[in-house]
2 protein chains.
Amino acid sequence: MREIQLQVRPGTAAFSKGQERVLKILQSARDLMISSGYHNLTLRKVAAGAGISVGNLNYYYSNKQDLLRDLLNSVIESYIEEFDKVRQDAGASPEKQFVAIIRFIIEDLGTQETTHFFPELWALSNHDSYAAERMDELYIKARAVLNDLICILNPALNEQDRQQVALFVSASMEGLTPFVGFEKPWSSQRSSISNIAASSFLHLVTTITAEDISGLAVP
Amino acid sequence: MREIQLQVRPGTAAFSKGQERVLKILQSARDLMISSGYHNLTLRKVAAGAGISVGNLNYYYSNKQDLLRDLLNSVIESYIEEFDKVRQDAGASPEKQFVAIIRFIIEDLGTQETTHFFPELWALSNHDSYAAERMDELYIKARAVLNDLICILNPALNEQDRQQVALFVSASMEGLTPFVGFEKPWSSQRSSISNIAASSFLHLVTTITAEDISGLAVP
DNA sequence: TAAAAAATAGTACAAGCGACCTATATTTTA
DNA sequence: TAAAATATAGGTCGCTTGTACTATTTTTTA
């Protein structure tokens, strides 16, 4: 279970009770976002979910935008922490590490949190520059893990090409979300799709050349 | 430029003026969805955008859900028509056709309509079963084009395996949307990414075996 | 323990929402 | 042209929203 990351707000919630409250508020907001979408996220519902009054919620977050930003921060932070953990799982060969990461990420798509939160984030980022920036940060860290492994698996690639390959691999997996995610039409075949992804991406990163990327190859 | 597809509603708008109005309403709703997201789509704004009163909008759509459904229908229909056109472009070899489709779809991600509309659709489909069904229909037709070509490019694959490969290819491209789409961080490198996708997917569909998919291969 | 700081509930409010109704204008039909 | 069908604007309703304010309770500090 992923955990909400606390982001202490300056001037408020400097004491233990307040910190717990902020945690409950963020937990409630996150649950609402996942169960009903941002479209249905209201301060009254967040307050009710946290077991406090609207007035009290207003004490911690003086406006909705502040709450949304803190929510994005905390959820995104929890994913970043997860990426770091994945990285530590450094076991056998770089090939096996690479495949393990692919499998881990696609498996994670099956959770309701990931399946529901990310499309909200993508939609939000189209109209909210703060969301866009935080999303960008998140994916930079997600790709960093892939990047390091691609560097070993295909030393001939230069930095830019490597990053483009990492982007392609990372984005491709994200794209599976609405299809193999939580209670999606293809979720029962998630592991088959995971096999396809693993073999396809492993071949891609180990064999791709600069010519392929620049378009100078056969087409 | 994609065009709004008219879906004449039974009992209303059976005459020319009404049909034009419905078109303007849908156009307005679509523009709002793309420019500000579903979160900011209100009947008053739709009416203002269509140059009519709220009362008049209510004459054509007695409630917001009806309007949303018609909007989804019309936009999705316009994409389905586009897929059919792509199919007719049947030119040279199946390899070239396949690559052409990949390139076409990724190029289309660069439009503001596609970049903004689809994340809204994905988010919506998590909490609205009607949206989920229409989205499913849309992607079934999108994959059908790929499916036919994979059938030629890799005759050894059985139906189920082929569909899973098509799903992986299609979903992977969709995943590029928040990264190489309209005014996204990597949009200037869209054609490089397109090259990676083309070479990766072409190799995948021509070489993948049932053992790769079932997971009985090396790993 | 007394004063100060923090936390909380309750209320109020203006704005915006979807939905509904009615009267009038316009267009089509016969 | 008269009648019928269609289209339109404007207003109103009850409700929800985010935000603000106030009074009270709880907790921390000195």
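Per chain, numbering begins at 1; letters A, B, ... match sequence-line order. Quick note: numbers below take in every heavy atom, side chains included, and nothing from hydrogens, waters or symmetry partners.
In this entry the distance linking OH of A:Y59 with P of D:dT24 reads 18 Å, nearest Å. Separating the CG atom of B:L68 from the P atom of C:dG18 is a distance of 12 Å, rounded to the nearest angstrom. Atom pair B:L57:CG and C:dC20:C1' shows a separation of 13 Å (rounding to whole Å applied). Across the protein-nucleic acid pair, B:I52 atom CD1 and D:dT6 atom C1' stand 14 Å apart, rounded to whole Å. Atom OH of B:Y60 is separated from atom P of D:dA9 by 9 Å (rounded to the nearest Å). Spacing between atom CD1 of B:I25 and atom C1' of C:dG18 amounts to 15 Å, rounded to whole angstrom units. In this structure, A:Y61 atom OH and C:dT8 atom P are separated by 13 Å, rounded to whole Å. A:E20 places its CD atom 17 Å from the P atom of C:dA6, with the value rounded to the nearest Å.
With sequence neighbours excluded, the residues satisfying salt bridge (Lys or Arg N to Asp or Glu O under 4.0 Å) with A:E107 are A:R190. Every residue meeting the side chain to side chain contact (heavy atoms under 4.5 Å, CB included) condition with A:S170, not counting sequence neighbours, appears here in chain and number order: A:Y139, A:R143, A:L146. For the side chain to side chain contact (heavy atoms under 4.5 Å, CB included) test, no residue two or more places apart in sequence or in another chain qualifies with B:A100. A search for side chain to side chain contact (heavy atoms under 4.5 Å, CB included) contacts involving A:I52 returns A:R21, A:I25, A:A47, A:A50, A:N56, A:L57, not counting sequence neighbours. A search for salt bridge (Lys or Arg N to Asp or Glu O under 4.0 Å) contacts involving B:E183 returns nothing, not counting sequence neighbours. A:F201 meets the ring pair (Phe, Tyr, Trp, His ring centres under 6.0 Å) test with B:F168; sequence neighbours excluded. Under the ring pair (Phe, Tyr, Trp, His ring centres under 6.0 Å) criterion, A:F98 pairs with no residue at all, not counting sequence neighbours.
For D:dA7, neither phosphate oxygen OP1 nor OP2 lies less than 4.0 angstrom from any side-chain nitrogen or oxygen of B:R21.
One axis for each end of the helix from C:dT1-D:dA30 to C:dA30-D:dT1, each built from five base pairs, and the angle between them comes to 20° at 10° resolution.
Residues B:F118 and B:Y79 bring their aromatic ring centres within 6.0 Å.
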**Message:** Please encode protein proximity along nucleotides 15-21 of chain D as a string of B, S and -, counting only heavy-atom distances under 4.0 Å.
**Reply:** --BBBB-
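Geometric assessment of A:K64 against the ring of A:Y38 yields a positive cation-pi assignment under the 6.0 Å and 45° thresholds.
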